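Heads up, the thing below is written out as C-alpha cells.
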Number of protein chains: 2
Amino acid sequence: MKVYMDYNATTPVDPRVAERAIPYLKKDSFGNPSSFHTYGQEARAAVTAAREEVARTLNAPAHSVLFTSGGSEGDNHAIKGVFFARREKGNHIITTQVEHPAVLGTCEWLEKVEGARVTYLPVDRQGHLDPQQVAGAITDKTTLVTVMMANNETGVIFPIKEIAAVCRAKGVICHTDAVQAMGKLPLDVEALGVDLLSIAGHKMYAPKGVGALYFRPGTPLNNLLHGGHQEGGLRAGTENIVGIIAMGEACRIIREDLEQDRQRLTALRDRLENGILSGIPHTFVNGDRENRVCNTSNITFEFIEGEALLLALDMAGVALSSGSACASGSEEPSHVLQAMGLKPEQARASLRFSIGRFTNAEEVDYVLEKLPAIVTRLRALSPIAPH
Amino acid sequence: MKVYMDYNATTPVDPRVAERAIPYLKKDSFGNPSSFHTYGQEARAAVTAAREEVARTLNAPAHSVLFTSGGSEGDNHAIKGVFFARREKGNHIITTQVEHPAVLGTCEWLEKVEGARVTYLPVDRQGHLDPQQVAGAITDKTTLVTVMMANNETGVIFPIKEIAAVCRAKGVICHTDAVQAMGKLPLDVEALGVDLLSIAGHKMYAPKGVGALYFRPGTPLNNLLHGGHQEGGLRAGTENIVGIIAMGEACRIIREDLEQDRQRLTALRDRLENGILSGIPHTFVNGDRENRVCNTSNITFEFIEGEALLLALDMAGVALSSGSACASGSEEPSHVLQAMGLKPEQARASLRFSIGRFTNAEEVDYVLEKLPAIVTRLRALSPIAPH
C-alpha cells in the first residue's frame, strides 16, 4: 500500500483541474494573452475567467488578483513590493519567528542589502501569537506586517483579522501568507481586512509553478518583475496559462467542496492523531489542537531521530515529512518547533502528518497499523530511550 | 484558412513536448522535489534530467542552469541579481535602446529606486550595435552589460561574442537575453563567453510560465526570489515540474531539429518577404537582412496604420503583430524601430511576421495572396498615400 500524507508539501493535481488545464498544453490553444489577434484574445478570455474564479473564492474584486509563479513569488512580491514603495516612510517590518522560508528569507535579504529593520515576534508553547504583540512592536517607521494565516508545520491558525485591524488603525500594510490556509479555511479578504494575501497552486490541487497574490486596490506596491504590462502592469512576464486555468478550476472546486472536505479531513486527522497518541507512548502534539487547520498534525515521537522514522515509513510505503520541504536540505531542526519552545532533540523527533482530498480511512488505518512497531524498533536502538 | 505568423509572441506547444509534460499534470506524478520520500525523489530525478537537457543544449554544466518562470524573470534576476551583488563596486549598467521591456523596465526601476546609472546605447539604421560602443561606454563603475542576442521585433542578431570579450577584458559581467535566439541559432555559452543568458519556454515550443537562466559558475548574483533552497539556493519556490519537463524536451528537440528547422524557415521567410516586397509597392524590410534569425521579417507598409492592417489580416484568418506582445497596450509606436531611425508614422506602419516549426508553404502563399488587396484597400482610405 502507498500512502501519501505530505499534502502540506504539495498536493496531487485534482483530476478535474487537470482536465481543464490539459487542453492549454495542446497545439491548438496557445495564444499570448497580450496579442491583439484572435489567438491572443482567446487566451486572454481564459485568463480573465480564471481570475474571476480566484477572486470570487477570496471575495475580492477580479482586478485585485494577480497571478504569480507560486507562493514564494507572492511572498517576495508583497514584502519587497511594500518595502520599496514605502521606503520614504520607514524601513521597519514586523513578522514572526515561525514564517515560511519565503518570508524569512526575503526579510533577511532586505536587512542585509537594503538596511531594513525586521522584528521577528516569538510565539508561545501552543504556537500562538497575540495581536497585542504586533501592536506593541509597531513604530512610526513600520511599513509592513507579514504574518502567516496558518502555519505549515503545525497547522496553527493565526489571528489575522485582529492583526489586520491593528495594522489598519496604525496605517501599516498587512500581508498574510495564506498558502497553507487556502482550501482548508474559508478565506474572505474583506472579512479578514488584509491588504495582501498570497496563495500557491500546488497546495490546493493545482500544479506547481503558479500562485496568486491578492492586493487591496490602492496598496502601495512596487513590482517584483519589471517589464511588460501584464497583470495590470503589476507583474511582467507572459502568463502561465496552463497554471492559471488550473488555479481557476481549483478555486471553483474549493468553493464547492470546502465544507465537506473540512469535516471529512478533521475526522480523519483526529482519528490518526488520537490513534497515535493512545497507541504510542512518549508522543505529543505540537500546536493548539483546537485552533488548527483540518488536515495537519505535528507529533513528537520522543527519543527518536525523525529522519530515521521518515526513512522507515517511506520503506513501508508511507510518505510524509518532518517539516517544510522548502527548508529541507538544512541540517537545522525545525525553526517553528524551536520557536514554540521545543528542545532541538524534540524538534528533530517530530513529524508532520498532512492529509488531503484523496486521503481515506484505509490509509489512516494502515499508518496506525505500521507506525507503532516502527517506533518501537527505532526506540530499541536509541541509547536515550527509556527501556 | 487560419494562419499563425506570430511565433515571436509565443509558439504552440510541440506535441512531443506536451506528451512528455502531461503525465506531470496527472494525479499520480506530483511529488515535491524537495521532499525526502519516494514521491519527492521521483520528481527530483525528473527535474535533474530536464536540467541536463537544457544544459547540454547550451553547452553548459547542469549546475549552471536554473529554472525560472520565464524570460522576464530571467532578465530581472540577471540584472537585479548582479546589480545588488556588485553594488559596492559600482552602479553602472550598459544596455541598448532596443531591448525587450523586461530589460528596459528592470533598468528603469533600478535607476528610479536604487540610484543605478544606465547607459542605453543606440543602434544604427540596420539595427546594429558595434561592440566598440560597449567598450567606449564602460567606466570603472560599470558592473553589468546586458544586450539581447536577437531582437524580438526585427530578428537582428547582436555580436554577443565580441561584446562578451570586451566585458571580460574589463571585468564586467555580461548578460544576454537570448529569448528570441533560442531554437533559431545554435547557442553555446562557452563559445559566446557570456556570464548570464536567459531563455523562455513559450518561445521554443514549451508552455508559458517557465524559462531558464544560465549563470557561469562564480558569477556574483543575488537571488530575485528568496526563501527555500531550491535551484541550488539561487531561486526559491517549488519547481514548476510540468514546465520544467517541457523545457527539457523542447531543448532535446532543438538539438535534433535546429539545422533543418533553420533551413526550412529561412526559405519560407524569404519567400514571404520577397513576395511582399515584389508584390506590394512602398514596402521595405527593417533590420539587416543578412544578419538575422531565420524566422522573422519586419516590414513597413508605408501610408498605412499597422493596427488597421492587423485587424484586416485577423479577419482574413492571419494572426501576426506589430511588435512585442509585452509592449502591447502601449500607444507608443515601436521603440525598436524608432531607435533604428524610423519616423513614428513608419514605425506605426510596420508589421512583424514571425513564422515557426508548424508554418508551411501553403500558409505563406495564402498570406501572399490576401495581403496585396488588403493593403491596397487600406491605402485607398489613407489621406496621405499616393493615389
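Protein chains get the first letters and strands the later ones, always in sequence-line order, with residue 1 at the start of each. Predicted model only: the values in this text are computed from it and were never measured.
- Between A/Leu25 and B/Val242 the shortest side-chain heavy-atom distance falls below 4.5 Å.
- In this structure, the side chains of A/Asn223 and B/Asn76 stay at 4.5 Å or more apart for every pair of heavy atoms.
- The OG atom of A/Ser321 sits 9.0 Å away from the CG atom of B/Asn32 when rounded to the nearest 0.5 Å.
- A cation-pi contact, defined as under 6.0 Å to the ring centre and within 45° of the axis, links A/Lys2 to B/Tyr39.
- Residue B/Met1 places its CE atom among more than 12 non-hydrogen atoms of other residues, nucleotides or ligands, all under 6.0 Å distant.
- In terms of heavy-atom pairs under 4.5 Å with chain A, the best-connected choice from B/Gly233, B/Cys107, B/Gly31, B/Ala206 is B/Gly31.
- With rounding to the nearest 0.5 Å, the separation of NE2 in B/His202 from CD in A/Glu239 is 9.0 Å.
- Only the side chain of A/Arg235 comes within contact range of chain B, with at least one heavy atom under 4.5 Å from a heavy atom of that chain.
- Contact of A/Leu311 with chain B is made through backbone and side chain together, with heavy-atom distances under 4.5 Å.
- Contact count versus chain B (heavy atoms, under 4.5 Å) is highest, among A/Ile244, A/Thr11, A/Val17, A/Asp75, for A/Thr11.
- Within the 4.5 angstrom heavy-atom criterion, atoms from both the backbone and the side chain of B/Leu224 approach chain A.
- A distance-only check finds a donor-acceptor pair linking the side chain of B/Lys208 to the backbone of A/Phe30 [under 3.5 Å].
- Classified by interplanar angle (parallel below 30°, tilted 30° to 60°, perpendicular above 60°), the ring pair B/Tyr4/A/His37 is perpendicular.
- Contact of A/Glu19 with chain B is not made at all, since no heavy-atom distance falls under 4.5 Å.
- Between the CG atom of B/Leu313 and the CZ atom of A/Phe36 there is a distance of 10.0 Å, given to the nearest 0.5 Å.
- Contacts between A/Val113 and chain B at a heavy-atom distance below 4.5 Å involve backbone atoms as well as side-chain atoms.
- What you find for B/Ile22 and A/Lys26 is that their closest heavy atoms are CD1-CE, 3.6 Å.
- Residue with the most contacts toward chain A among B/Leu310, B/Thr10, B/Val210: B/Thr10 (heavy-atom pairs, distance under 4.5 Å).
- Taking NZ from A/Lys112 and CG from B/Asn222, the interatomic distance works out to 6.5 Å, rounded to the nearest 0.5 Å.
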